[in-house]
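A, B, ... follow the sequence lines: proteins, then strands. Residue 1 opens every chain.
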Amino acid sequence: MTDHLPFSKIPYGGDWNPEQWERPVWDEDVNLFEQAGIDLLSVNIFAWTALQPAEDTYEFARLDEVLALLESRGMRACLGTSTAAIPAWMATQYPDVMRVDEQGRQHRFGGRHNACPNSPAYRRLAPALAGQLARRYAGRDVVALWHVSNEFGGACYCPHCERAFRVWLRERYGTLAALNHAWNAAFWSQTITAWEEIVAPNELSVQGGERTTAVQGLTLDYQRFMSDALLGAYRLEADAIRAEIPNAVITTNLMGTYRPLDYRAWALHLDVIAWDSYPSPQDTPAAVAMRHTLMRSLKGGQPFMLMEQTPSQQNWQAYNALKRPGVMRLQSWQAVAHGADAVMFFQMRRSVGACEKFHGAVMEHHGRTDTRVFREVAQLGAELKALEDVTLGARTPARVAVWFDWPAWWAVENSSGPTAALHYLKEVTALYAAFHAQGYAVDLVGPDSDLDGYGVVASTLLYLLPAGAAQKITAFVEGGGVFLGGLMTGVADESDRVFPGGPPGPLRDLLGVWVEEVDALPPGEMNELVMQGDLSGTFGCTLLFEQLRVEDAEVLATYGQDFYAGTPVLTRRRAGKGQAWKLGSSVDAAGLRVLTRALCDEAGVSPLVPDLPDGVEVTRREGEGGSFLFLLNHTPEERQVVVPGLRGRDLLSGEAMGESVALPPRGVRLVREEVGA
Amino acid sequence: MTDHLPFSKIPYGGDWNPEQWERPVWDEDVNLFEQAGIDLLSVNIFAWTALQPAEDTYEFARLDEVLALLESRGMRACLGTSTAAIPAWMATQYPDVMRVDEQGRQHRFGGRHNACPNSPAYRRLAPALAGQLARRYAGRDVVALWHVSNEFGGACYCPHCERAFRVWLRERYGTLAALNHAWNAAFWSQTITAWEEIVAPNELSVQGGERTTAVQGLTLDYQRFMSDALLGAYRLEADAIRAEIPNAVITTNLMGTYRPLDYRAWALHLDVIAWDSYPSPQDTPAAVAMRHTLMRSLKGGQPFMLMEQTPSQQNWQAYNALKRPGVMRLQSWQAVAHGADAVMFFQMRRSVGACEKFHGAVMEHHGRTDTRVFREVAQLGAELKALEDVTLGARTPARVAVWFDWPAWWAVENSSGPTAALHYLKEVTALYAAFHAQGYAVDLVGPDSDLDGYGVVASTLLYLLPAGAAQKITAFVEGGGVFLGGLMTGVADESDRVFPGGPPGPLRDLLGVWVEEVDALPPGEMNELVMQGDLSGTFGCTLLFEQLRVEDAEVLATYGQDFYAGTPVLTRRRAGKGQAWKLGSSVDAAGLRVLTRALCDEAGVSPLVPDLPDGVEVTRREGEGGSFLFLLNHTPEERQVVVPGLRGRDLLSGEAMGESVALPPRGVRLVREEVGA
Amino acid sequence: MTDHLPFSKIPYGGDWNPEQWERPVWDEDVNLFEQAGIDLLSVNIFAWTALQPAEDTYEFARLDEVLALLESRGMRACLGTSTAAIPAWMATQYPDVMRVDEQGRQHRFGGRHNACPNSPAYRRLAPALAGQLARRYAGRDVVALWHVSNEFGGACYCPHCERAFRVWLRERYGTLAALNHAWNAAFWSQTITAWEEIVAPNELSVQGGERTTAVQGLTLDYQRFMSDALLGAYRLEADAIRAEIPNAVITTNLMGTYRPLDYRAWALHLDVIAWDSYPSPQDTPAAVAMRHTLMRSLKGGQPFMLMEQTPSQQNWQAYNALKRPGVMRLQSWQAVAHGADAVMFFQMRRSVGACEKFHGAVMEHHGRTDTRVFREVAQLGAELKALEDVTLGARTPARVAVWFDWPAWWAVENSSGPTAALHYLKEVTALYAAFHAQGYAVDLVGPDSDLDGYGVVASTLLYLLPAGAAQKITAFVEGGGVFLGGLMTGVADESDRVFPGGPPGPLRDLLGVWVEEVDALPPGEMNELVMQGDLSGTFGCTLLFEQLRVEDAEVLATYGQDFYAGTPVLTRRRAGKGQAWKLGSSVDAAGLRVLTRALCDEAGVSPLVPDLPDGVEVTRREGEGGSFLFLLNHTPEERQVVVPGLRGRDLLSGEAMGESVALPPRGVRLVREEVGA
């Protein structure tokens, strides 16, 4: 497995389901693929019953034919293992293969993503099928990479899972004493006196709903366990493929900021990151950018695949607006700008029935090409072909890092109090967006990331501090970095036990403050963050209001109102060669921009473009093919951007570019920068 | 069974539950019935346990006495079979008689409408009771008609139903290949490889909630099956009665626009349509009118029974406003105006306990007659008596038809995308209301209706086109009719498989347009429908915005905004002697009025009254007794209506009527039109 | 057991959970208790597993040590029995000990308050543990009182409960005929023909949700039964303690206006009332006052214990605002003002993990005392110590009584119609608040209360009138009292059977009116109450609008709008030496103040302070130590109160007080009134 994907241009294509169609349609399809510049097809994603109509029968003839057809046209396959939806016969034969849900209900056949990852039948039959496929298609160049199952997710609470959870806990804790300590189980007499007493946390036991549990430590461990269990199911299949094809490129399609799975743990077992981007019409470009950034960050900046996006509309949003003309192209280039080395769609042709029949596709149920969508797809195909391989493998360097950590996410949202309005993603996205809006290149990091090379590491809701994280952050600051600890920094250890000294726990010395109390007011009740000294301005803050007690820090801002008016809300401590800032409330976007700019100024980090107009996004990729500046206009109006010193050529239009760049409405510039410019 | 009900005047009465009261109260009741002109009582609706206190014991003495009492006063009975609520002993003895719900939970005793229609015990014991009743009361004139069970509805998902569903599917499809094709089961590998693998679609299998399913074809078939299964239960009882009384008039009380049951299929097995009208305080008169129209249309215009309405207030709305003075009378005459030949209430006397103790009644728990409600009931009783038989059997001719189809309703609301805001009833009601507000006589038609004689057939959400429907519509147009295909016309076949050529599917040639894409925006986001040519004006449209591609049609209106501004939203194609119009968005009420008037003008269809004031409703019934013009004022102010050429007598007030008719607040005129006027 | 608690000052303290901490922390804790004036600790609340790690093993060493430590410092214990959360081994060994919920789901281990009160294992093991504790600690003065379990509540629907319910019903009704009559079971054929047919009312039987049932009588009886069943569990433990310690003071912590438990029935079995006060930030001071009043009224005015309150913030509200500076002190004195003889907190030290780790505590997880919260707690501790015993045992006399009755609450909210917007607590609180705002001393009474000595008895939603209640009220009026029957007075008997003569049922003669109909409009739709005669003004009314028919009463106010404009909404009948008023709608706060003042004027009842400023609360306690006037300022501004004739000393500040009393922001005056003043 290599860093690069096995392609000589950005592969272009998406999910294709010939098993839903008669053979003549296949031929029509591949002709249209050619017209649209499509060269990579995800196939065999949901065909388990077709491949294995009974436990002892495999039938590969159709898949043989599909692959032969692609091969004959010089196209390649991202080959699915088809295990994300089990056959009906499997549910009938092994009823315990179906999941038990959060409400404790044993499910029956129907739908997808419904197999228990710990059920013996699934753990035997899924890798068996993957192995059969690998044996059959080993050595076939048409198979560019392997796509295990599909969009792993959800959770199960069945007896198999319960037993596996006890084993997992025994491995984690060794003794019940350690487990009871981690869960603070003496509280409400939740003490476990035998491993068999441990119960999966659903609505029949400790859960009062998704975000309500009686025992945070138990729920947090089950979240870890279930992420591991699903990863285990992935690994069984990947191992079965690897056993047949040692150098196979194997992945599965992730889902961005998907809460249930700790993708950092998953990334270690994927050869390449691939993910499905389905922004809702309400999502800002910054939110989408953050998801790309997160996916890119999972494997230390290695380029990733945009595995799915809709060419036009979705079907599962409440109101499925069409992507406006140019938006699909803009979002495709946005993915590339953030590190994508593949652009793919769900789906090639709309299915005629069942629940995705209104999901957008490159082609409607009919095969007409005189449609807006097909035209846009074909135009992008031509652009990608013309670009050739110049951007492949290029990295997207950044000197700003924002903290993003699944266990912290889980723990923050498992907790009862201080406010039900706390949403991890919303707070982290707001912080990311403040950097993004000002043209800073940003990475996302977590407890295991290497912080060397960053000028700024900014966080909010760094609630959960695993062992070593505080030391790493302290070393970063002492080495010259600028660190921001935001709301609820350093509250609990990795078992969600509150640090006895109070927040910010092990970061108290570094930050020079501690938090005496936290006020929580209904959303919409605002206070003010009044900047002091160098920084100036007054900004709104809301949600939570930490009462900071300064031990050794400068006060940079104070509250403007309430009984804590005049007390600190933003502080800074200089430590070693760096600085440690602490923010005690949820600050509005304007305030976050001022704050993030100040952090970057202190760290000597410059934006890619100094005065970025609203709605324009900028990234830079650097690789063997050169240095590429991406400028993306997310607005329906023209924008003018001044990029000091820019000299180069827009690889999309072929135009020469100078310092002043005109961006058409929803337009994109991909400028190969000239050396010495 | 005849077209006419066996009555010599409009029967008047309602549900009477003597089994809840001591005998002296019965005598008081019948005295009051006499005072109020009440002559038809629905009895024995919920008395199964009383009639059959144990499986092998029947006790009819009380019912004998009830019928004798009615007989002695010259009143008659609508005799219930009492099977809508099973006895407690039956639930204990046969636990499988209770339903399994959408969440997969086996229920236990309590409430009503809770027997599984496929459970052997219910299918044996319910018709047995009906047969006993029929045998006992055969030949008794006091029994005017038979009332099987009560308000059939709901659904069951138990193993009995599952088995019956498999049989039903086998009859429908013959082979699994046909079934898999209909359901497009290759999608997500939902393919069925043995009949036993088929699972009822509830939250344990494919349903994610009422309007969310993974397999639309399966869910749609289960909706059909469950409607059939409940009809099957009705038929078992009706057959048992018929076996004893070949000429019995048998029915059950329907519920208007009740989604779960396809009443068109039911109507074939009912001798007369009877239904329960419970408008909420928010319902417009047009919405109520549409329900009456629908019920009348079920048996081709045959007069129906208003089987239940509340004389005052309901108890199960959130806020149960009293019917304002005069409203009960107005709504009663509205029913007659639309074809009712019976006016009945739920209920005669309020029960003193359990969940309907706050439901309105002719008499309170006490038997006082000096109440507003009793006075209004008695006044109406006098009016009905004075009217005698003149309107009985009269028809309500119409030259406009609006499409209403249960499977289309189910399918539209089963689908995932393009918008969650799509409500079949709301769209169809808006279309009906546009005709209604302008005084057009309207019928409701479906795929099996005869379209001959209509000038206009208008539809919206004619989403599902069963085999033959397109041909029928095309023939209608070619023969001179004017057809409107509204939003989402011709999307899918009767299995909810999308027509491969895209909407409007088999109506594409007729309409001369096809739909390339459908934009969906949140409710409240508006576009404009800008009329072109003959029609003029600009109207709001919302929800969905079809991108129409014209092949052979005139453009009558275009969108006013967004990237599709200037593209067609309303088109017309002349075909044969008629016209086929297509509308691509959800248009506001003003726009719908202009549109519907244009359709009628083109078809040469005139309203009953040309310039109908707001809030006034007009219908005409024609029969052996003459031609009757009903004018109903739904407002609390006086209204003046000009009816060109009118000459006749108001049968309610006895006043002579000319062209200018004064309507008191909430007033009614029932004008027998003079021949030659 | 005596009327006084065994203390020589107001005991001060709260829940302390040393089982969650290492021994060194205990010593730190007790030092801090001393600093804060804390002398009573609730211990052993949740330690069942620690005390009994297996069914046959008890381990009391740690508890011995805890009690010895308290004893050594002169502190005392409120000793818990630890049975509110069962051990994990018990759930594993006896799965039927876990409850079945409203949805019919058998629960498994986790959380608290989850043991079925009718399960044999719980009924055997919980009292066994209580007995063990009592035997071990009998005669130990350190144990000031016994605290059985914790916050009894919730409900179970398991087979054990179902069987116990049948026994309970058989005792209540004797025969099925009586039961069927009480439930009006002939309705919908719900008749029970064998005791075994009776099913617990949950979502699998008659409940369609918490406030929706098909059979009100059944649901109401289950509510009574479950309250009794939980009381039965309490009594088993209390009996086990009493068997060892005949003079033990035994209680449990109630929860104020907690709907599921009829605390009046409970109070008979508690030696002292203790309750947990957790006002939400939205609660008005009047709402909190009403809860204290209710708790005090349970045992005829005997002083009670404030058993729990948070010193700072809660964790289970949506948004857990900090108590503002001074508010904890103010609320503590408010409790004392209404009759509390103890002031206690939950909790001493925050737990480091599980679901209450963000609940406020006297001390954070760390043990710092330089916090706002600790300072405020210590200041209050000093005040309580300085007060000594002067207020202990003092009563809080009142001449106004407001009706509060759990069965009425249940019945009103079980009923379907006339409005879903009817909330018992909201209506009763509004009535209480009208008296409270004007400085009247108020008690809360129910059907079993002695009404002698009250001048005014006011009610709303006195929906359910048990046998004898009407006679008692009539005697009260005839003896000179002034009675107000509000909305929905006298609708149903104790089985929720509507009185056949209509409301106000047996109060009709007394009130001289009856209710013909009740209009129900959506919240926000207003009518007007237009005062006539002596009273003047026009006030808003909403929700329900009773149509009163006057038989023998004066009309004091009429409706201002709608078709019943000008008809009565407020009436008065003079009867014997007193008066009976009837109000037919939900009147706004201003109207309620005018009305309640008029009632008091008629009864010759004076407020404690005549012109009480907004936001100021006044109470008086009288006992052996003198007469004490409490003045509490609930606003953040200074207030000046004129108390005619006042002469005394503020025991908190030591200042002499005259007629004009200055109240600092959130300030409290506890004035010992001089005799003859």
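- The contact between T191(C) and chain B is made by backbone and side chain atoms together, counting heavy-atom distances below 4.5 Å.
- Minimum interatomic distance between S189(C) and A47(B) (heavy atoms only, all atoms of both residues): OG-C, 4.1 Å.
- Proximity of C355(B) to W188(C): side-chain heavy atoms (C-beta onward) are separated by under 4.5 Å at one or more points.
- Contact annotation for T371(B): both backbone and side-chain heavy atoms come within less than 4.5 Å of a heavy atom of chain C.
- Of the atoms belonging to A421(C), heavy atoms from both backbone and side chain fall under 4.5 Å from chain B.
- Each salt bridge (Lys or Arg N to Asp or Glu O under 4.0 Å) pair with one or both residues in residues 415-424 of chain C, not counting sequence neighbours, would appear here, but there are none.
- The list of salt bridge (Lys or Arg N to Asp or Glu O under 4.0 Å) pairs with a residue in residues 317-326 of chain B, not counting sequence neighbours, reads R324(B)-D519(C), R324(B)-D562(C).
- For the set E197(C), R497(C), R549(C), the entry with the most heavy-atom pairs within less than 4.5 Å of chain B is E197(C).
- Proximity to chain C is limited to the backbone of I86(B), based on heavy atoms less than 4.5 angstrom apart.
- A donor-acceptor pair is defined here as one N or O able to donate and one able to accept, closer than 3.5 Å; no such pair exists between the side chain of T419(C) and the backbone of Y319(B).
- For S82(B), no part lies near chain C; criterion is any non-hydrogen pair under 4.5 Å.
- Between chain C and the options A50(B), S312(B), P325(B), heavy-atom pairs under 4.5 Å are most frequent for P325(B).
- With a 4.5 Å cut-off on non-hydrogen atoms, F545(C) does not touch chain B at all.
- Residues F187(C) and K357(B) form no side-chain contact, since every pair of their non-hydrogen atoms from C-beta on lies 4.5 Å or further apart.
- Chain B forms more heavy-atom pairs under 4.5 Å with one residue of I198(C), L543(C), V199(C), I192(C) than with any other, namely V199(C).
- For the options V215(C), D493(C), T193(C), V206(C), heavy-atom pairs under 4.5 Å to chain B are most numerous at T193(C).
- Your options are A85(B), A91(B), P281(B), A321(B), and the one with the most heavy-atom pairs under 4.5 Å with chain C is A321(B).
- Salt-bridge formation is detected for the pair E517(C)/R372(B): a Lys NZ or Arg NE/NH1/NH2 atom is positioned less than 4.0 Å from an Asp or Glu carboxylate oxygen.
- Contacts of Q207(C) with chain B are absent, with no heavy-atom separation under 4.5 Å from either backbone or side chain.
- Distance alone, capped at 3.5 Å, places no donor-acceptor pair between the N315(B) side chain and the G417(C) backbone.
- Closest approach of A354(B) to A214(C), counting heavy atoms only: CB-O, 3.7 Å.
- Residues of residues 96-108 of chain B that come closer than 4.5 Å to chain C, counting heavy atoms only, are Q103(B), R105(B), Q106(B), H107(B), R108(B), ordered by residue number.
- Ranked by heavy-atom pairs under 4.5 Å with chain C, the list Q314(B), Q313(B), Q20(B) is led by Q20(B).
- The local environment of NE2 in H181(C) is sparse, with at most 12 non-hydrogen atoms from other residues, nucleotides or ligands closer than 6.0 Å.
- Contact of the Q190(C) side chain with the F109(B) side chain is registered, since non-hydrogen atoms from C-beta on lie closer than 4.5 Å.
- Interface summary for chain C: among V373(B), L322(B), D370(B), T49(B), the most heavy-atom pairs under 4.5 angstrom belong to L322(B).
- In this structure, chain C has no heavy atom under 4.5 Å from any part of N150(B).
- Remark: side-chain polar atoms of E19(B) are not paired, donor with acceptor, to backbone N or O of A186(C) under 3.5 angstrom.
- Residue-level contacts of residues 358-366 of chain B with chain C, in order of numbering, are F358(B), E364(B), H365(B), H366(B); threshold 4.5 Å between heavy atoms.
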